[in-house]
Amino acid sequence: MPDAGYLTIGKVVKRLQSLYPDLTISKVRYLEDEGLLNPSRTPGGYRLYSQRDIKRLETILYLQKNRFLPLSVIKDELEREDSGEPPSAAAESAVEASLVGPVDEEIAEKFHPIDRMPEVAGVSVSFVRQLSEAGVITLKRSPHGRDLVDGHDIGLIRTCDELRHYGIGPKNLRQYVNSANRESAMFEQALVVYAKKGGGVEAEVTDESRERFEQAFSRMLALTDVVRTELIRRLVHQSFKDMEG
């Protein structure tokens with residue numbers, strides 16, 4: 001079987017972790033066990049993911065994280081796609097979200113001189129400095145005094161660049177940095193309580209317990225995003241209604 005364009009499960013996880021930090025090999029294997037993924041295998045049993053398999057995994061992760069769909073519904077969506085039926089509104093949203101794709105593994109795993117940002121991220125050096133000044137990203141200083149950008153931040157930088165088209169710049173994003181600093185304490189406390197309910201924070205850490213913990217954190221982030229989005233949506237809609245009145 002030709003293996004050009006195929007990736008091992010470990011490389012797939014590394015490739016997608018810039019968008020889904022909680023993704024693990026155990027989670028991907030669980031999705032396989034549930035029948036949502038069916039990668040090819042070598043004669044020795046090693047999984048090989050094609051680009052189509054990776055795109056399918058991206059769709060699953062997006063629908064889980066941002067549309068809060070249970071696996072049973074996601075499986076139905078994938079079966080619709082396999083049978084040639086048109087996707088539902090939720091699946092179409094997943095395609096929309098993939099416009100800002102995952103960062104190449106080779107780029108993500110390195111620090112890059114800031115003067116290479118036009119080439120690496122497609123943005124100007126001044127824009128990256130503005131994001132740093134706003135606290136959105138943190139630059140690292142090399143032994144030779146050069147400012148370096150963490151490759152894991154490239155996806156975030158590209159997302160911020162797209163926001164500029166809607167008039168939302170680095171200075172506007174400073175409020176999200178401040179909010180993240182405040183909310184992180186809330187999440188930390190909530191996760192401690194969750195861990196205690198699950199058997200205590202001193203319990204032995206296993207792949208299974210770590211996976212449950214990461215899933216809980218992702219779910220908390222998703223749910224609070226729903227609350228935040230709905231509150232903002234309500235206020236903006238009301239503002240326009242008041243203008244019409």
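Because the structure is predicted, anything quoted here is derived from the model rather than measured.
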Item to check | Nearest-0.5 Å distance that lies between atom NE2 in His152 and atom CD1 in Ile137 | outcome: 14.0 Å
Checklist entry - About how many Å separate CD of Gln51 and NZ of Lys55, when rounded to the nearest 0.5 Å? => result 10.5 Å
Item to check | Minimum-distance pair of heavy atoms, taken over all atoms of Tyr49 and Val12 | outcome: CB-CG2, 3.6 Å
Checklist entry - Hey, does the side chain of Ser83 reach the backbone of Glu79 with a donor-acceptor pair shorter than 3.5 angstrom? => result yes
Checklist outcome for this item: dist Ile25:CD1 -> Lys27:NZ (nearest 0.5 Å) comes out at 14.0 Å
Item to check | Nearest atoms (heavy-atom pairs only) where Arg129 meets Leu139 | outcome: NH1-CD1, 4.2 Å
Next on the checklist: Holding to side chain to side chain donor-acceptor pair (under 3.5 Å), I want the full list of residues that pass it with Arg29, two or more places apart in sequence or in another chain.
Outcome noted: none
Next on the checklist: Less than 4.5 Å apart, side chain to side chain, heavy atoms only: is that true for Val125 and Arg116?
Outcome noted: no
Item to check | Min side-chain heavy-atom separation Val136-Val177 under 4.5 Å | outcome: yes
Checklist entry - Can you name the residues that form a side-chain contact (heavy atoms from CB on, under 4.5 Å) with Asn172, not counting sequence neighbours? => result Ile168
Next on the checklist: List the residues meeting salt bridge (Lys or Arg N to Asp or Glu O under 4.0 Å) with Asp115, not counting sequence neighbours, and say none if there are none.
Outcome noted: Arg146
Checklist entry - Between Asp153 (side chain) and Val149 (backbone), is there a donor-acceptor pair under 3.5 Å? => result no
Item to check | Pairwise distance CD1(Ile60) to CG(Leu37) - rounded to 0.5 angstrom | outcome: 4.0 Å
Checklist entry - How about Tyr176: does its OH atom have over 12 heavy atoms from other parts shown lying under 6.0 Å from it? => result no
Next on the checklist: Whether the side chain of His112 engages the backbone of Ile107 through a donor-acceptor N/O pair (distance < 3.5 Å, no angle test) should be reported.
Outcome noted: yes
Next on the checklist: Checking one residue: Leu231. Which other hydrophobic residues are in its cluster under the side-chain 4.5 Å linking rule?
Outcome noted: Val227
Item to check | Sequence neighbours excluded - salt bridge (Lys or Arg N to Asp or Glu O under 4.0 Å) pairs with any residue from residues 167-188 | outcome: Glu183-Arg228
Item to check | Closest heavy-atom pair and its distance - Glu58, Tyr20 | outcome: O-OH, 3.8 Å
Item to check | Cationic tip of Arg41 above Tyr46 ring, under 6.0 Å, 45° of axis | outcome: no
Next on the checklist: According to a hydrophobic-cluster definition based on side-chain heavy atoms being under 4.5 Å apart (Ile, Leu, Val, Met, Phe, Trp, Tyr only), do Ile157 and Phe111 belong together?
Outcome noted: no
Next on the checklist: Strictly distance-based, threshold 3.5 Å: is any side-chain N or O of Ser132 a donor or acceptor partner for the main-chain N or O of Val128?
Outcome noted: no
Checklist entry - Between the main-chain N or O of Ser50 and the side-chain N or O of Asp53, is there a donor-acceptor pair closer than 3.5 Å? => result yes
Checklist entry - Shortest non-hydrogen contact from Leu173 to Cys160? => result CD1-SG, 3.5 Å
Item to check | Which residues share a side-chain contact (heavy atoms from CB on, under 4.5 Å) with Glu34, sequence neighbours left out | outcome: Tyr30, Leu36, Leu71
Checklist entry - Is the shortest heavy-atom distance from the side chain of Val28 to the side chain of Arg47 under 4.5 Å? => result no
Checklist entry - Sub-3.5 Å donor-acceptor pair from the side chain of Thr224 to the main-chain atoms of Leu221, do we have one? => result yes
Next on the checklist: When you compare the side chain of Arg141 with that of Leu148, does any pair of heavy atoms fall below 4.5 Å?
Outcome noted: no
Item to check | In one Ile/Leu/Val/Met/Phe/Trp/Tyr side-chain cluster, 4.5 Å: Tyr194, Phe217 | outcome: yes
Item to check | Residue pair Leu7 / Arg15, side-chain heavy-atom distance below 4.5 Å | outcome: yes
Next on the checklist: Just so I know, are the side chains of Thr59 and Ile74 near enough to count as touching, which here means a heavy-atom distance under 4.5 Å?
Outcome noted: no
Next on the checklist: Give me the atom names and distance for the closest heavy-atom approach of Glu32 to Pro39.
Outcome noted: OE2-CG, 3.6 Å
Item to check | Non-hydrogen atoms of Ala108 and Asp150 that approach each other most closely | outcome: O-OD1, 4.1 Å
Next on the checklist: Quick check: do Pro113 and Asp147 have side-chain heavy atoms less than 4.5 Å from each other?
Outcome noted: no
Item to check | Spatial distance of atom CZ (Phe187) from atom CE (Met220) [nearest 0.5 Å] | outcome: 5.5 Å
Checklist entry - For Asp82, does the CG atom sit with more than 12 other heavy atoms under 6.0 Å from it, leaving out its own atoms? => result yes
Checklist entry - Rounded to the nearest 0.5 Å, what separation is found between the CG atom of Leu191 and the OG atom of Ser184? => result 11.0 Å
Checklist entry - Hey, does the side chain of Gln17 reach the backbone of Asp22 with a donor-acceptor pair shorter than 3.5 angstrom? => result no
Checklist entry - Does the pair Ser126 and Ser124 meet the rule for a side chain to side chain donor-acceptor pair (under 3.5 Å), with working shown? => result CA-CA 5 Å; Ser126 61; Ser124 67; 3.1 Å; yes
Next on the checklist: Could you tell me if the side chain of Phe127 sits less than 4.5 Å from the side chain of Arg164, heavy atoms only?
Outcome noted: yes
